[in-house]
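If you read the sequence from its start, that first residue is 1, and numbering goes on from there. Only heavy atoms go into these numbers, but all of them, side chains included; no hydrogens, no water, no symmetry mates. All values reported here derive from a predicted model rather than from experimental measurement.
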Amino acid sequence: MVSDLFTATVNGKKEVGGDTTYVGPFWTTTVLCGLLGGEVYVAETADDEKKIIGCAVWFPPNHSMYDSEDQQEFVLGPLMGSFSEELGEWWEKKFLPQYDAFNDATLGPGVKHESWHLQTLGVDPAYQRKGAATQLIEVVHRKAAAQGQALVLECEEEFNVSGILEATKFNVV
């Protein structure tokens, strides 16, 4: 049940029980952490309305979500405080260690932390497959390339992997 609840939280999908209580708060934390310790980029329409249609939250090398005192105090603390005891324990003792181990096994020890890491990327469905995500990736790709640094992009859905790879020419690991 806890993993289903967390999956619903992270993916915004209706899993067992359909509880999406933490979807908004979790995604809010990614943006707040980006503002406090990373970089946040937005894509907007070219018209006079300047509607925000996409957002990317990046963390530079040697930084990650929740790694600073400000992020822990003002972002992680309130999020964890909203979790049930069971969910908080699952997050700290199961999910985070497994997630870190997966990244190290897949990319190599420390590679994600030593690279530019795309924590969150979202584009309004009405504007998907029109280049907004590519632009949100390319702005940091150019910066990283100029500094000789790598990028790490994670995708949960095959749909996203194929689209991003086609547009950016990145490799799947």
Steps toward side chain to side chain donor-acceptor pair (under 3.5 Å) verdict (Y66, T29): CA-CA 9 Å; Y66 309 129; T29 70; 2.9 Å; yes

Approximate separation, where rounding is to 0.5 Å, of L107 CG and H113 NE2: 13.5 Å

Where H63 and D67 come nearest, the two heavy atoms and their spacing: CA-OD2, 3.1 Å

ILVMFWY network linking V42 to W27, side-chain heavy atoms under 4.5 angstrom: no

From N62 atom CG to S64 atom OG, the distance as rounded to the nearest 0.5 Å: 9.5 Å

Cluster overlap L153 with V123, hydrophobic side-chain contacts below 4.5 Å: no

Neighbour count >12 (heavy atoms, 6.0 Å) for atom CD, Q147: yes

Joint hydrophobic cluster, V57 plus L36, side-chain heavy atoms closer than 4.5 Å: yes

CG on L79 to CG on L32, rounded to 0.5 Å: 10.5 Å

Spacing of E138 atom CD and Q135 atom CD [to the nearest 0.5 Å]: 9.5 Å

More than 12 heavy atoms of other groups within 6.0 Å of F102 CZ: no

E92 vs M80, side chain to side chain contact (heavy atoms under 4.5 Å, CB included): CA-CA, chis, key distance, verdict: CA-CA 10 Å; E92 290 180 358; M80 295 299 291; 3.3 Å; yes

Residue pair T45 / D47, side-chain donor-acceptor N/O under 3.5 Å: yes

CG (L35) with more than 12 external heavy atoms under 6.0 Å: yes

Side-chain heavy-atom pair F59, M65 within 4.5 angstrom cut-off: yes

Any donor-acceptor N/O pair, D124 side chain to G54 backbone, under 3.5 Å: no

Exceeds 12 heavy-atom contacts within 6.0 angstrom, atom NZ of K50: yes

OG-CZ distance between S82 and F26, expressed to the nearest 0.5 angstrom: 11.5 Å

Residue pair V140, Y41: steps toward the side chain to side chain contact (heavy atoms under 4.5 Å, CB included) verdict: CA-CA 9 Å; V140 174; Y41 295 86; 3.5 Å; yes

For the student: nearest non-hydrogen atoms of V111 and S115, plus distance: O-OG, 2.7 Å

Smallest separation among heavy atoms of A43 and A132, with atom names: CB-CB, 4.2 Å

Derivation of the side chain to side chain donor-acceptor pair (under 3.5 Å) call for K112 and Y99: CA-CA 11 Å; K112 178 180 168 184; Y99 179 66; 2.7 Å; yes

Over all atoms of both residues, closest heavy-atom pair of V31 and C55: CG2-SG, 4.5 Å

Aromatic ring pairing W90/F95, orientation class (parallel under 30°, perpendicular over 60°, tilted between): parallel

L118 vs L151, side chain to side chain contact (heavy atoms under 4.5 Å, CB included): CA-CA, chis, key distance, verdict: CA-CA 8 Å; L118 179 60; L151 296 182; over 6 Å; no

Atom of A144, atom of W116 and distance for their closest heavy-atom approach: CB-CD1, 3.4 Å

Minimum heavy-atom distance A126-K130, with the two atoms named: O-NZ, 3.2 Å

Between SG on residue C33 and CZ on residue F74, distance to nearest 0.5 Å: 12.0 Å

Salt bridge K143-E39, side-chain N to carboxylate O under 4.0 Å: yes

Stepwise side chain to side chain contact (heavy atoms under 4.5 Å, CB included) test for L136 and L121: CA-CA 8 Å; L136 291 167; L121 175 65; 3.8 Å; yes

